[in-house]
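One structure is given here, and the rest of the page talks about it.
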Amino acid sequence: MLRIQNLYFKYPKSDFQLQIDDLLFNKGETHALIGPSGSGKTTLLNLIAGISTPHEGRIKYKDIEVSKLSEAERRGFRISRIGFVFQDFKLINYLNVFENIMLPYRINARLKIDLQVRSRIKLLSEYAGIDKYLSKYPKNLSQGERQRVAICRALVTQPELILADEPTGNLDPKNKKKILDLLFKYCKEEGTTLITVTHDHELLPDFDEVIDFSKLLSEDEINLRLNKTNTES
Ligand code: ADP
Ligand code: MG
């Protein structure tokens, strides 16, 4: 349902290149992206979400060719279908936890606040163990609590596709498991596809598929790194 073919992407003024020949993410499955820092995991999530666009190749979600959409269409695609958990959370400091989770509805006219939104926020925050903090502000929360707020915010719109950038990175082992269970449970119930960047190798057996970016590096990239190492040493 999400397929990436012959993709080529490069940042201006950076040596980094991302090249992917063929990658398929099946509907309702959970996928872990692993690989060294700087190998392009976040870049790929941004490409899938249409935050960046590839120079070559295509990203196809269902019958939508994301890579061919205009900027406004990509924004609409993101709002209506994707839940994104950013690595740095992107919580708004002057909004409390409830308002932060509610944020997608405040900033996107195309998301309608229905009667269920409030009860979904209550339910999600209870499960994530942050229901007692709904009226608190991000600055008064721990990193792990902020992370859980970011995850609740990504789930509240009931997205079809969840892109999560190291969503368990700031959590202790017990909460890691809990958050992953929350994501998995949600995906199983809703038939949602999950793509998660993670460094927690002990969690990998829980995923349907593990994609290792160290094996995705293009030949050019490998040569580039080898040359760099040679000149550095
Ligand atoms: P990962 O998430 O696997 O750690 P990233 O996708 O963030 O890797 O980054 C891949 C490479 O692209 C890195 O070398 C990084 O420095 C570079 N990079 C990331 N974002 C930008 C940007 N906006 N402009 C230029 N280079 C970038
Ligand atoms: Mg990253």
Side-chain angles (χ1 to χ4, degrees), residues 2-25 30-59 61 66-67 69 71 74-75 77-78 82-91 143-144 146-151 153-155 159 161-171 175-176 179-180 183 193-204 206-207 209-233:
L2 170 65
R3 188 164 190 184
I4 297 171
Q5 285 174 295
N6 304 316
L7 177 121
Y8 176 76
F9 174 84
K10 188 182 177 314
Y11 291 104
K13 296 181 207 148
S14 161
D15 290 340
F16 177 76
Q17 307 178 38
L18 184 66
Q19 212 167 309
I20 296 173
D21 295 337
D22 200 348
L23 200 54
L24 181 71
F25 300 91
T30 56
H31 311 262
L33 302 182
I34 60 165
S37 174
S39 58
K41 304 179 298 295
T42 299
T43 303
L44 179 62
L45 294 189
N46 288 336
L47 285 161
I48 294 170
I51 294 168
S52 327
T53 47
H55 300 278
E56 285 170 30
R58 65 176 194 173
I59 298 171
Y61 177 78
V66 184
S67 34
L69 299 178
E71 199 171 331
R74 293 203 308 276
R75 193 174 135 76
F77 167 74
R78 218 162 32 243
I82 292 180
F84 207 120
V85 184
F86 293 95
Q87 202 165 1
D88 55 359
F89 317 145
K90 299 205 194 296
L91 299 182
Q143 280 291 91
R146 286 182 202 135
Q147 188 138 37
R148 287 182 268 160
V149 177
I151 289 166
R153 189 179 57 190
L155 296 186
L161 175 62
I162 298 173
L163 305 175
D165 209 347
E166 303 192 32
T168 51
N170 296 288
L171 304 176
N175 277 313
K176 268 183 193 175
I179 283 302
L180 206 65
L183 285 170
T193 310
L194 176 69
I195 306 178
T196 303
V197 175
T198 182
H199 288 293
D200 295 313
H201 285 231
E202 73 277 10
L203 301 177
L204 296 182
D206 294 342
F207 286 86
E209 191 198 17
V210 177
I211 298 163
D212 187 350
F213 266 60
S214 59
K215 296 185 180 129
L216 273 184
L217 289 183
S218 67
E219 215 170 299
D220 288 349
E221 179 73 4
I222 290 166
N223 287 333
L224 202 75
R225 288 186 184 207
L226 285 174
N227 286 338
K228 256 198 193 144
T229 324
N230 288 342
T231 31
E232 276 162 13
S233 56

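A quick note: this is a predicted structure, and the numbers were derived from the prediction, not measured. Atoms within a ligand are numbered from 1 in the order they appear, just like the ligands themselves.
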Under 4.0 Å from one or more heavy atoms of Thr43, ligand 1 contributes atoms 5 (P), 6 (O), 9 (O), 10 (C)
Do any nitrogen or oxygen atoms of Gly38 lie less than 3.5 angstrom from nitrogen or oxygen atoms of ligand 1?
yes
Side-chain contact, heavy-atom cut-off 4.5 Å: Ile179 with Arg148?
yes
Which ligand 1 atoms, with their elements, are less than 4.0 angstrom from a heavy-atom of Ser14?
25 (C), 26 (N)
Side chain to side chain contact (heavy atoms under 4.5 Å, CB included) partner of Ile4, the single match among Asp22, Leu44, Val66:
Leu44
Should Ser37 be listed as contacting ligand 1, given a heavy-atom distance under 4.0 Å as the test?
yes
Is the shortest side-chain heavy-atom distance between Leu18 and Phe213 below 4.5 Å?
yes
For the residue pair Phe77 and Tyr61, categorise the inter-ring angle as parallel (less than 30°), tilted (30 to 60°) or perpendicular (more than 60°).
perpendicular
Please identify which atoms of ligand 1 are closer than 4.0 Å to at least one heavy atom of Pro36.
3 (O)
Can a donor-acceptor pair be found between the side chains of Tyr11 and Ser52 at a distance below 3.5 Å?
no
Quick one: sort the Phe25 and His31 rings into parallel, tilted or perpendicular, breaks at 30° and 60°.
perpendicular
With respect to Pro12, determine whether any N or O atom, backbone or side chain, lies less than 3.5 Å from an N or O atom of ligand 1.
no
Looking only at heavy atoms, is any part of Ser39 under 4.0 Å from ligand 1, and if so is it the side chain, the backbone, or both, or is it neither?
both
Thr43 near the Mg ion (ligand 2) via N/O/S, less than 2.8 Å
no
